[in-house]
Amino acid sequence: MPEGLEAEIWRTSLEVTVGRTVVDAWVDDRVVPPDFVDRITGHRIDSVRRVGKVVLIDTVDGPTIGLHFGMTGRVIVDGIAPIDRLQYASARDEPEWDRLRLFASRRAASPALVGPPAIRLNDPRRLGHVSLDADLSALGVDMMAVTSGRLRAAIGRRQPAIKTLLLDQSAVAGLGNMCADEVLWWAGIDPHRAAATLTDDEVRRLASAIRRRLPIMLRRGGSHTGVLEPDVRAACPPCERDGVPLRRDVIGGRTAVWCPEHQR
DNA sequence: CGGCATGTTTCGCC
DNA sequence: AGGCGAAACATGCC
């Protein structure tokens with residue numbers, strides 16, 4: 001999926017739908033609960049939230065819709081895609097990739113007045129899904145609420161590589177593969193390091209990198225706007241900090257890009 | 001054509 | 001029991 005930053009961008013763009021009433025929905029029932037249309041039709045959108053990488057749409061006296069994006073899911077609001085192209089997904093907008101279409105109106109249900117969908121979830125690979133009243137209690141501290149203390153608590157005595165821990169949504173919710181590499185680069189920590197071996201100072205640096213860099217990447221448009229942007233990840237040029245060639249290693253089944261000179 | 005991809009879940013093996 | 005890695009999922013792109 002898109003990472004938490006993309007979810008946050010979509011959450012913001014979905015705010016224009018607050019106050020509208022869902023008058024109809026179309027679903028791909030392979031990734032949407034079978035009773036979705038019945039349960040959601042007629043309910044007014046109350047608020048839009050983000051938890052980790054999940055966008056939540058609360059309805060008045062109805063269920064909370066959860067949008068889970070998988071690797072290639074994206075949101076289109078009133079025909080506008082806030083993120084036109086995901087790095088590793090298609091630039092095309094194929095209606096057949098729609099998994100959810102929500103039709104909404106500012107009045108109570110009157111299908112005759114309904115135009116194009118207010119909200120579309122478009123996902124070529126179909127690794128995403130839609131939930132109703134999902135249980136998100138297993139998620140760890142949200143990426144935007146990380147502090148050194150909370151990060152230290154999330155690490156505990158856990159021995160997996162720190163890169164793996166940052167991707168574990170039950171430890172820290174919202175970081176994905178690109179942001180995890182990015183904050184480790186800024187913190188100067190080798191992604192292979194066993195999480196529990198990080199010193200207090202290293203945990204502080206990591207928490208600080210998360211707090212400082214995420215808002216910057218959010219402003220720039222998402223997870224792909226860091227030092228380790230996609231071109232850099234693919235080519236592994238010299239590190240912009242110290243000139244030593246970047247390296248690629250598979251850690252926890254995911255490609256990690258890092259600098260062997262300043263990340264220790 | 002082969003390999004890889006901003007992710008999550010499941011399965012089998014220590 | 002618990003942790004870890006590989007595989008599976010599904011499809012487009014380079």
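Hydrogens, waters and symmetry mates play no part in the numbers below; they use all other heavy atoms, side chains included. Predicted, not measured: the structure shown is a model, and the values here were computed from it.
Under the rule for a salt bridge (charged side-chain N to carboxylate O under 4.0 Å, His left out), the partners of D201(A) that lie at least two apart in sequence or sit in another chain are R205(A). Here D58(A) pairs with S47(A), R49(A), T64(A) under the side-chain hydrogen bond (donor to acceptor under 3.5 Å, both in side chains) rule; sequence neighbours left out. By the salt bridge (charged side-chain N to carboxylate O under 4.0 Å, His left out) test, R213(A) pairs with no residue at all, sequence neighbours left out.
Spacing between atom CH2 of W10(A) and atom P of dT6(B) amounts to 14 Å, rounded to whole angstrom units. L214(A) has its CG atom 13 Å from the C1' atom of dT6(B), to the nearest Å. Taking atom CG of residue D123(A) and atom P of nucleotide dG12(C), one finds them 11 Å apart after rounding to whole Å. Look at CZ on R233(A): it is 10 Å from C1' on dA5(B), rounded to the nearest Å. Across the protein-nucleic acid pair, N122(A) atom CG and dT6(B) atom P stand 19 Å apart, rounded to whole Å. Rounded to a whole Å, the CZ atom of R248(A) is 14 Å from the C1' atom of dT6(B). Rounding to whole angstrom units, CG of residue L228(A) and P of dT6(B) are separated by 12 Å. Distance N177(A) CG to dA5(B) C1': 10 Å, rounded to the nearest Å.
The number of heavy-atom neighbours closer than 6.0 Å to CZ of R211(A), taken from other residues, nucleotides and ligands shown, is 12 or below. Other residues, nucleotides and ligands contribute over 12 non-hydrogen atoms within 6.0 Å of the CZ atom of R39(A).
Between W10(A) and F69(A), the gap from one ring centroid to the other is short of 6.0 Å.
Tested against R50(A) for a salt bridge (charged side-chain N to carboxylate O under 4.0 Å, His left out), the candidates E15(A), E8(A), E6(A) yield a single pass: E8(A). Residue K163(A) forms a salt bridge (charged side-chain N to carboxylate O under 4.0 Å, His left out) with just one option from D249(A), D190(A), D181(A), and that option is D181(A).
dC11(B) sits 14 Å from dA10(C) when the P atoms are compared, rounded to a whole Å. For dC4(C) and dT6(B), the C1' atoms lie 23 Å apart once the distance is rounded to whole Å.
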Distances for protein N or O near nucleotides 9-11 of chain C N or O, under 3.5 Å:
residue, atom, partner, partner atom, Å
dA10(C), O4', R125(A), O, 3.3
dA10(C), N1, R125(A), NE, 3.3
dA10(C), N1, R125(A), NH2, 2.6
dA10(C), N3, R125(A), NE, 2.9
dT11(C), OP1, R126(A), NH2, 2.6

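Closest of all the heavy-atom pairs between E202(A) and T197(A) is OE1-O, 4.2 Å.
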5'-to-3' dot-bracket of DNA chain B (Watson-Crick, G-U; under 3.5 angstrom; crossing pairs as [ ]; | other strand): .||||.||||||||
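For DNA chain B, the neighbouring residues in residues 157-176 of chain A, judged by any heavy atom under 4.0 Å, are Q169(A), G176(A).
Look at R92(A) and you'll find a side-chain N or O under 4.0 angstrom from OP1 or OP2 of dC13(C). Phosphate contact (OP1/OP2 of dA6(C), side-chain N/O of R254(A), threshold under 4.0 Å): absent. Under 4.0 angstrom from either OP1 or OP2 of dT6(B) there lies no side-chain N or O belonging to K53(A).
Distance alone, capped at 3.5 Å, is enough to place a donor-acceptor pair between the R248(A) side chain and the R233(A) backbone.
The shortest side-chain heavy-atom distance between R152(A) and D200(A) falls under the 4.5 Å cut-off.
Judged by the 6.0 Å distance and 45° axis criteria, R241(A) is positioned over the aromatic ring of W185(A).
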